[in-house]
Amino acid sequence: MINDFPMQQLIDQDGNVLDHERMQEISIEKVKDMYYFMHRARLLDKKCVNLQRQGRIGTYVQYEGQEGAQVGSALALEEGDWMFPTYRDHAATLTYGQTMKNLLLNWRGRIEGGIAPEGIHIFPPAVPIASQLPQAAGAALAEKKKGTDRVSLVYFGDGATSEGDFHEGLNFASVFQTPTVFFNQNNGYAISVPVEKQMNSETIAQKGLGYDMNCLRIDGNDVIGVYCAVKDAVHKARSGAGPTLIEAVTWRYGAHTTADDPSKYRDQSESEVRRQTTDPLLRVEKYLKAQDAWQEQWKQEIEAQIESEIETALEEMESYPEPEMNQLFDYVFETPTWTIQQQIDEHLAVKGGKTS
Amino acid sequence: MINDFPMQQLIDQDGNVLDHERMQEISIEKVKDMYYFMHRARLLDKKCVNLQRQGRIGTYVQYEGQEGAQVGSALALEEGDWMFPTYRDHAATLTYGQTMKNLLLNWRGRIEGGIAPEGIHIFPPAVPIASQLPQAAGAALAEKKKGTDRVSLVYFGDGATSEGDFHEGLNFASVFQTPTVFFNQNNGYAISVPVEKQMNSETIAQKGLGYDMNCLRIDGNDVIGVYCAVKDAVHKARSGAGPTLIEAVTWRYGAHTTADDPSKYRDQSESEVRRQTTDPLLRVEKYLKAQDAWQEQWKQEIEAQIESEIETALEEMESYPEPEMNQLFDYVFETPTWTIQQQIDEHLAVKGGKTS
Amino acid sequence: MSVAVETKKLTMIQGINDALSTALNEDERTLILGEDVGVNGGVFRATEGLQEKYGSGRVIDTPLAESGIMGTSIGLAANGFRPIAEMQFLGFVYPAFNQIMTHATRLRQRTLGRYTSPLVIRAPYGAGVRAPEIHSDSVEALFTHMPGIKVVVPSNAYDAKGLLLESIADPDPVIFLEPMRCYRSSKTEVPEEKYKIELGKAATLKEGEDVSIFTWGAMTIETMKAVEQLEAEKEISCEVIDLRTLYPLDRDAIAASVQKTTRAVVVQEAPLTGGVSSEVLSVIQDTSFLYLRSPVKQVGGLDVPVPVYSLENEYLPSVDKIKYAVEQTVSF
Amino acid sequence: MSVAVETKKLTMIQGINDALSTALNEDERTLILGEDVGVNGGVFRATEGLQEKYGSGRVIDTPLAESGIMGTSIGLAANGFRPIAEMQFLGFVYPAFNQIMTHATRLRQRTLGRYTSPLVIRAPYGAGVRAPEIHSDSVEALFTHMPGIKVVVPSNAYDAKGLLLESIADPDPVIFLEPMRCYRSSKTEVPEEKYKIELGKAATLKEGEDVSIFTWGAMTIETMKAVEQLEAEKEISCEVIDLRTLYPLDRDAIAASVQKTTRAVVVQEAPLTGGVSSEVLSVIQDTSFLYLRSPVKQVGGLDVPVPVYSLENEYLPSVDKIKYAVEQTVSF
Ligand SMILES: Cc1ncc(C[n+]2csc(CCOP(=O)(O)OP(=O)(O)O)c2C)c(N)n1
Ligand SMILES: Cc1ncc(C[n+]2csc(CCOP(=O)(O)OP(=O)(O)O)c2C)c(N)n1
Ligand SMILES: [Mg+2]
Ligand SMILES: [Mg+2]
């Protein structure tokens, strides 16, 4: 089966172009954009790990290593499309328009952290694994019913493929031919469980066969390849050719979250090797160098710019006003029920020191 | 995809042998046994439909048309194996050792109806669709852990393939390589919903590909073919080669249940045509005739015997004592909690007319 | 001034069908999704004729997967539609529990109002119609304890139409539970035109002096029978209140009635422990402690799985049990 | 006669690990199934070292699918094993709801005892540890209303070990809820040897005269703090009872305490409406109506989805709220 689903690449890990024809579509500027977004995401990620260590944010979920998959796919969306991320997909949401400030607030346990700027359709990151898949089918079905050509793109991990909602989401999308791209990041692990224990199949892509769904397997660390594959899937979706399942093979370098100790279940030296070999940023750097389009100075410029962006966001986050109590009450229902109103009153009575 | 999963037959609908080699294994006696079990199940089914009309049993679930699939598969099991049926699989459970009396009691809303004779492992028929699949994986895993070569065989319909539990059951079985046969009866409909609206795929068998599981598609009305296919799958399971998914293509002639009106959603004349063409009993009759092994007298003999068996069972059912109240209370926990004990007391106080 | 309102006598299932048709007709965003809701018109005929009238794009037969139905409905609701998702029986809502509990009910809060899930979950429920196993669960309490969803239970056609139209108009999730025993047990006059009944308001089925009986759904039938006998045989004057909405409860109506009669009985069909009846007791305790002359008696189903149908009458609260409880309460 | 019992000071999570190891060691039929329970030893280290000791055939890393875990466990339990299924957090039990509600809890009744499901569901639960969304739900009430399963909540290492061993030995399903805040909040002396604590028995944390406070799990921490202050500042003598088992409740202990103190407060972490606290009220009403001098006050979480962590302290019942409720009750 694995032979039916070879890991497609446009650019190999040494930066060589494997599909010259397709690369015609991709300007150097576009590639530099991709690099920029990946670098931006990575610097933010590194910063967050530090912030967590310093106790300035809570438990944090790293994505370092997965920037190729997330940025490449996010860039294939257009305005008005819908994104359904998980807790690990901040490189994707950041690229699609979520603000750094909000991402940081997310790790401070703030509701604002899950809300994108007005007009950008990003669902709050799904925590119950795979639950976002049928929702993405529903949001796309809505677009189809409205007669637009907007699509939804939904992220999920290798572990998520085991949940019933993975299956139900794919089935609904295929039955209703919704314009949905199911974008799987196979990073090899669901917390400590390697993909070999998660499933008996060698690929995730082949799971699309059960639904007669377009399905393919790509190198998730080849940002250009990811971009093109998702672009194709999005195009299919827009033009009414239904959903696609994409398995993007990738790797997280770090722990599952800052609360996790990966040395319990794997040899972290593999991550070190991968940093030198399959890294998505390194690959673009090599490609650009091969094209004579790499300027160290440019890199330093964008780095400086990103770092100042991060600093600004950090300041905004740290000076952000404390949450208002009413966030708890005012958004359960459009109008609070008496039960809630009574609880507010009592809450305030106690807070106000009025104890009888 | 459908070409990868041709509908396998041993005997075609005219009774011609398509696989002579395989048929060597199958004695005429064995075929007559199959006919006997199918006929027995069918006569009981017809009787039940009448009993329901007469109000002597409650809502009833027909299986007429599916006897080939159910009997062929049930006969492939051996003592000590586990069967996980649905509400529609009474031809299978009857064949595997459930009593007619209990089946009738089942339709009188009696708990006894879901319990097989001591020593025969049949789970009570599953009503929540697909919920029995992970359980069948679990029971088989238990056998594997005990080091026996016993297997589990689980029944489910085409509609059931849409549930998350279908997916989770297959995934667990494939990951743990449990000795389980997933036996799907694709009868074309889930109540009113045709299989074309249930899924986007042309076959159910192909859904096994996502788990790298043995999978095949067979003519469910070819009882000999079903028997051989399930026998093979059971053999694989016993010898440690893991689970198999079998799609048996069949048809229910009647309504979904006696509470259903199929003319709402399909042209019932199709069932009439099928009775003359693809019927599982007719096919065996034709085969036996072609082998010069059909005796009308034999048929009449078994019919008489079955009818008297049904009459006896019916009498047993109708003279069966009314349910004891304690069935409600005594089997929630091994020892009733005080909450239940208090409710028993109050219940008896009220019943006893002691109103204060 | 009097306005002539056209009415027709409808069973509850007809009232529901009428409400659904009204909603589909009036607002293009209304959709119906579920198993067998289309061509078949639903296993109880709740959606009969609706697909024919409004098309298969709006009355949608889905695959057999409750989590898929709910998840898809949430996506549709967040993106501009007003889905009405049918669970074929309430006993089959469990596979959808995760979608309801972690998404439908939380989307407004998780996005401070950016996205909402204005959807209705409809489900036939309860025992007493000799249905197969698992078809007869009454688990309304699972939802009254779930923040972010309202729980509505009509007991007759008039209420069903008005409450369902209000539920569909509600900007937040509502679970609308339809007691199967009430589907065809009686007919009531139902206005042909559109009307709504506010959620959270109980209805007084009968006024009385000695004891308040709070109930809802199919138990209104048993309760009214018991009351008739109690009044005739024992001269106990009973007030009967159909709560209609279980979250939020009608606190004021409960308090007013108990404070008038000074005694209360709650009748629910669900297993006694942890049911909505305990919550009614809470409201009484909170609002009317000093008025109570005797402990509030709860009559409920047994703390056992709802059995197959040969035993369901033993399981269900009987007229006798209700009478027994009322007598105990009055003579305490 | 006195017997020297070897004890060690353990955190609750260590007590749980000890109980699991004891059970695996003692009975070959005991299995552990769950996400990350094997190599990783569980995200809270509850199963630390167990796979190494008992092998990957008995401490089993499963695919990420709660319904699959439960369904497989039911099949294993019916066929001779004693599975202990871990839900990584209680907020992720919802996908398994159908298997628990329609199968695990009903198998004995559906087969009149032929098949049973002697299994334990373990799950960390509750807010207050700054966990991500959905990780902090406390939905014990969903299970106390579910016939056929016992609900156990320890608050310290000693209870955890004894109750867990009893739960594993129980011939029926038990859901064993582990308040995350108690995992490492204190250490208690725990006998090294095996012992069991009967289910359905509450523990008196502190005797008192003026008011009984019933609580469980992490709320024992808040309650004890409140009580300390109340006794010091207001001279209110409080009796504190840790219910430990929520189904079945310890009716006798509840009644005895209320009848002694004549007043009661119930403190729960879950959203107030429809919680277990209303059920405690029911028991009090039923057993002790004439003893009560004031209405039973319930202190609970708000009727809102458990929020992300920046708001969780506002959500959770605070020491001040408990004090307020006790004072109101005493001064009624
Ligand atoms: C329904 C559910 N069960 C369990 C969890 C706990 N959990 C959080 S992340 C995770 C692993 C997810 O693995 P994968 O899908 O591969 O995504 P990744 O974390 O690798 O991005 C688990 C088990 C959860 N969030 N939701
Ligand atoms: C979880 C669940 N949802 C809905 C139902 C109601 N229901 C009973 S049978 C049925 C159709 C099943 O179709 P299929 O799986 O094809 O089996 P068949 O009845 O054709 O044998 C439905 C929807 C149910 N029993 N369980
Ligand atoms: Mg992963
Ligand atoms: Mg079918």
Side-chain angles (χ1 to χ4, degrees), chain B residues 82 84 111-112 114-118 121-146 150 152 154 163-165 167-176 178 180 326-342, chain D residues 28-29 31 33 57-58 60-81 83 95 98-99 101-118 147-150 170-173 199-200 245 247-252 279 283 286:
Chain B
W82 288 80
F84 286 80
I111 300 178
E112 292 86 343
I115 310 173
E118 199 67 48
H121 294 315
I122 304 179
F123 243 57
V127 169
I129 301 291
S131 55
Q132 71 277 22
L133 274 72
Q135 295 166 10
L141 183 58
E143 294 298 334
K144 187 173 169 176
K145 287 193 181 298
K146 290 179 195 170
R150 296 300 94 187
S152 68
V154 55
E163 288 281 4
D165 269 356
H167 172 64
E168 298 189 20
L170 264 70
N171 192 45
F172 271 64
S174 69
V175 165
F176 296 121
T178 68
T180 308
N326 78 329
Q327 289 191 342
L328 266 185
F329 300 126
D330 285 357
Y331 302 94
V332 184
F333 298 106
E334 194 183 71
T335 315
T337 52
W338 69 261
T339 46
I340 295 179
Q341 193 54 54
Q342 179 177 297
Chain D
E28 280 234 313
R29 299 170 307 166
L31 304 174
L33 291 95
R58 299 194 53 213
I60 306 168
D61 277 323
T62 66
L64 206 178
E66 291 76 13
S67 187
I69 294 170
M70 273 313 302
T72 304
S73 296
I74 291 166
L76 284 161
N79 196 2
F81 287 84
N98 190 42
Q99 288 289 347
M101 180 70 166
T102 68
H103 289 286
T105 54
R106 303 194 199 208
L107 191 56
R108 181 187 288 277
Q109 196 200 55
R110 297 176 74 219
T111 62
L112 299 177
R114 166 74 63 82
Y115 299 121
T116 57
S117 6
I149 191 166
K150 292 177 190 140
D170 195 282
D172 290 298
L199 304 189
T245 298
Y247 189 91
L249 285 168
D250 190 343
R251 189 169 177 270
D252 297 338
E279 202 49 40
V283 171
D286 249 29

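Each chain gets a letter, A, B and so on, in the order the sequences are listed, and its residues count up from 1. What you see is a predicted model, and the numbers here were worked out from it, not measured in a lab.
Between B:Pro124 and D:Tyr115, the closest heavy-atom pair is CD-CD1, 4.5 Å.
The part of D:Arg114 that comes within reach of chain B is its side chain, from C-beta onward, which places non-hydrogen atoms under 4.5 angstrom from that chain. Residue D:Asn79 touches chain B through both its backbone and its side chain, counting heavy-atom pairs closer than 4.5 Å. Only the backbone of D:Glu66 comes within contact range of chain B, with at least one heavy atom under 4.5 Å from a heavy atom of that chain. For chain D, the nearby part of B:Ile122 is the backbone; its heavy atoms alone come within less than 4.5 Å. D:Pro171 touches chain B through its side chain: at least one heavy atom from C-beta onward sits under 4.5 Å away, while N, CA, C and O do not. When heavy atoms are compared at a cutoff of 4.5 Å, D:Thr62 approaches chain B by way of both its backbone and its side chain. Proximity to chain B is limited to the side chain of D:Ile60, based on heavy atoms less than 4.5 angstrom apart. Using a 4.5 Å cut-off between heavy atoms, D:Leu199 does not touch chain B at all. If you measure heavy-atom distances from D:Thr102 to chain B, the contacts under 4.5 Å come from the side chain alone.
Atoms CG and CG, from D:Leu33 and D:Asp61 in turn, are 9.5 Å apart once rounded to the nearest 0.5 Å. For the atom pair CD of B:Glu163 and OG of D:Ser67, the computed distance is 9.0 Å after rounding to the nearest 0.5 Å.
Options B:Ala137, B:Ala142, B:Ala116 differ in how many heavy-atom pairs under 4.5 Å they form with chain D, and the most are formed by B:Ala142.
By the 6.0 Å and 45° rule, B:Lys144 does not stack over the aromatic ring of B:Phe176.
The aromatic rings of B:His121 and B:Trp82 lie parallel to each other, with less than 30° between the two planes, well short of the 60° mark.
Judged purely by atom type and a 3.5 angstrom limit, D:Arg106 uses its side chain to pair as donor or acceptor with the backbone of D:Met101.
Using a 4.5 Å heavy-atom cutoff, the side chains of B:Pro128 and D:Gln99 are not in contact.
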